[in-house]
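Worksheet: one structure, shown below.
Count residues from 1 along the sequence.
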Amino acid sequence: MTEHIDKKELPACPVETTLMLIGDKWKVLILRDLLPGTKRFGELKKSIGSVSQKVLTSQLRDMEAKGLVHRQVYAEVPPRVEYSLTELGQSLKPILDALWAWGEGYKETLK
């Protein structure tokens with residue numbers, strides 16, 4: 001389910017629009033960890049580290065509502081839930097690649 005966002009509600013600046021969608025630290029890390037493929041909630045929590053269950057749940061729900069993440073629930077006992085990036089979420093890969101490259105370059109300047 002994608003939350004309906006009216007274009008009139010979006011910031012005029014495209015950079016601000018992008019930051020509105022992924023500007024949170026946890027959202028960028030969720031994107032990073034889902035780029036290789038589907039993960040279950042516990043796998044995401046473990047790979048991200050210090051995020052609380054409440055915050056991770058909230059961030060995933062927001063990203064799902066914005067059309068970046070797909071949530072698949074399996075009717076099993078116990079229930080199994082998997083998260084993956086939508087096509088729109090996958091389209092953020094070049095941005096994350098640029099962040100990674102910049103971070104690597106920055107670390108090199110500190111040596």
Side-chain angles (χ1 to χ4, degrees):
M1 94 183 174
T2 302
E3 182 179 293
H4 176 71
I5 300 174
D6 190 338
K7 283 186 181 180
K8 290 179 259 179
E9 297 172 14
L10 294 175
C13 174
V15 173
E16 191 176 346
T17 299
T18 305
L19 288 174
M20 181 187 83
L21 293 172
I22 66 165
D24 184 277
K25 165 185 168 181
W26 302 117
K27 288 179 181 171
V28 172
L29 297 179
I30 290 167
L31 288 168
R32 175 201 67 190
D33 290 352
L34 287 179
L35 273 171
T38 302
K39 281 197 165 57
R40 293 177 71 174
F41 185 88
E43 293 174 305
L44 273 174
K45 184 164 181 349
K46 187 176 181 181
S47 67
I48 291 172
S50 62
V51 65
S52 71
Q53 183 168 330
K54 179 182 176 183
V55 169
L56 181 57
T57 298
S58 170
Q59 297 296 300
L60 284 165
R61 284 184 182 157
D62 185 59
M63 293 173 76
E64 181 184 11
K66 300 286 192 322
L68 301 175
V69 169
H70 173 73
R71 180 177 183 259
Q72 178 69 49
V73 181
Y74 295 91
E76 300 174 351
V77 177
R80 177 170 52 116
V81 179
E82 294 181 340
Y83 295 90
S84 58
L85 292 179
T86 62
E87 192 174 322
L88 183 63
Q90 286 284 346
S91 73
L92 290 162
K93 184 180 183 325
I95 294 169
L96 294 177
D97 288 345
L99 288 170
W100 181 87
W102 190 91
E104 282 292 309
Y106 178 75
K107 286 199 264 185
E108 286 297 316
T109 67
L110 300 177
K111 289 184 177 179

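- Of the possible polar contacts, none joining the Thr17 side chain to the Leu10 backbone as a donor-acceptor pair under 3.5 Å is found.
- Counting heavy-atom neighbours within 6.0 Å of Glu104 CD, excluding the residue itself, gives a total above 12.
- Atom NE2 of His70 is separated from atom CG of Leu34 by 11.5 Å, given to the nearest 0.5 angstrom.
- Looking only at atom types and distance, the side chain of Tyr74 has a donor-acceptor partner in the side chain of Glu82 under 3.5 Å away.
- How far CE of Met20 is from SG of Cys13: 12.0 Å, rounded to the nearest 0.5 Å.
- When all heavy atoms of Pro11 and Glu16 are compared, the pair lying nearest together is CB-CD, 3.5 Å.
- One distance of note links CG of Leu60 with CZ of Arg71; it measures 9.0 Å at 0.5 Å rounding.
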Leu92/Leu35 under side chain to side chain contact (heavy atoms under 4.5 Å, CB included): CA gap, chis, key distance, verdict: CA-CA 9 Å; Leu92 290 162; Leu35 273 171; over 6 Å; no

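- Between Phe41 and Val81, the closest side-chain pair of non-hydrogen atoms is not below 4.5 Å.
- Hydrophobic clustering, with ILVMFWY side chains joined whenever heavy atoms are under 4.5 angstrom apart, keeps Leu19 apart from Trp100.
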Worked verdict on Lys46 versus Glu43 for salt bridge (charged side-chain N to carboxylate O under 4.0 Å, His left out): CA-CA 5 Å; Lys46 187 176 181 181; Glu43 293 174 305; over 6 Å; no

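- The OH atom of Tyr83 sits 11.0 Å away from atom CZ of Arg40, with the distance rounded to the nearest 0.5 Å.
- Linking Ile, Leu, Val, Met, Phe, Trp and Tyr whenever their side-chain heavy atoms come within less than 4.5 Å puts Val55 and Ile30 in one cluster.
- Salt-bridge annotation for Arg61 and Glu64: absent, with no side-chain N of the basic residue lying under 4.0 Å from a carboxylate O of the acidic one.
- The closest donor-acceptor contact from the side chain of Lys39 to the backbone of Asp33 lies under 3.5 Å.
- Heavy atoms only, all atoms of each residue included: Thr38 and Ser84 are closest at OG1-CB, 3.5 Å.
- If you take NZ on Lys27 and NZ on Lys66, they are separated by 5.5 Å, rounding to the nearest 0.5 Å.
- Of all heavy-atom pairs between Thr18 and Ile95, the closest is CG2-CD1, 4.3 Å.
- A chain of hydrophobic side-chain contacts below 4.5 Å, direct or via other Ile, Leu, Val, Met, Phe, Trp or Tyr residues, connects Ile22 to Leu88.
- By the 6.0 Å contact criterion, CD on Gln53 is open, its count of non-hydrogen atoms from other residues, nucleotides or ligands being 12 or less.
- Trp102 shares a hydrophobic cluster with Tyr106, Leu110; the chain of contacts runs through ILVMFWY side chains whose heavy atoms sit under 4.5 Å apart.
- Both Ile48 and Leu99 are part of a single hydrophobic cluster, where members link through side-chain heavy atoms under 4.5 Å apart.
- No side-chain heavy atom of Asp62 sits under 4.5 Å from any side-chain heavy atom of Leu68.
- Under a hydrophobic clustering in which Ile, Leu, Val, Met, Phe, Trp and Tyr are joined whenever their side-chain heavy atoms come within less than 4.5 Å, directly or via other members, Leu85 and Val73 fall into the same cluster.
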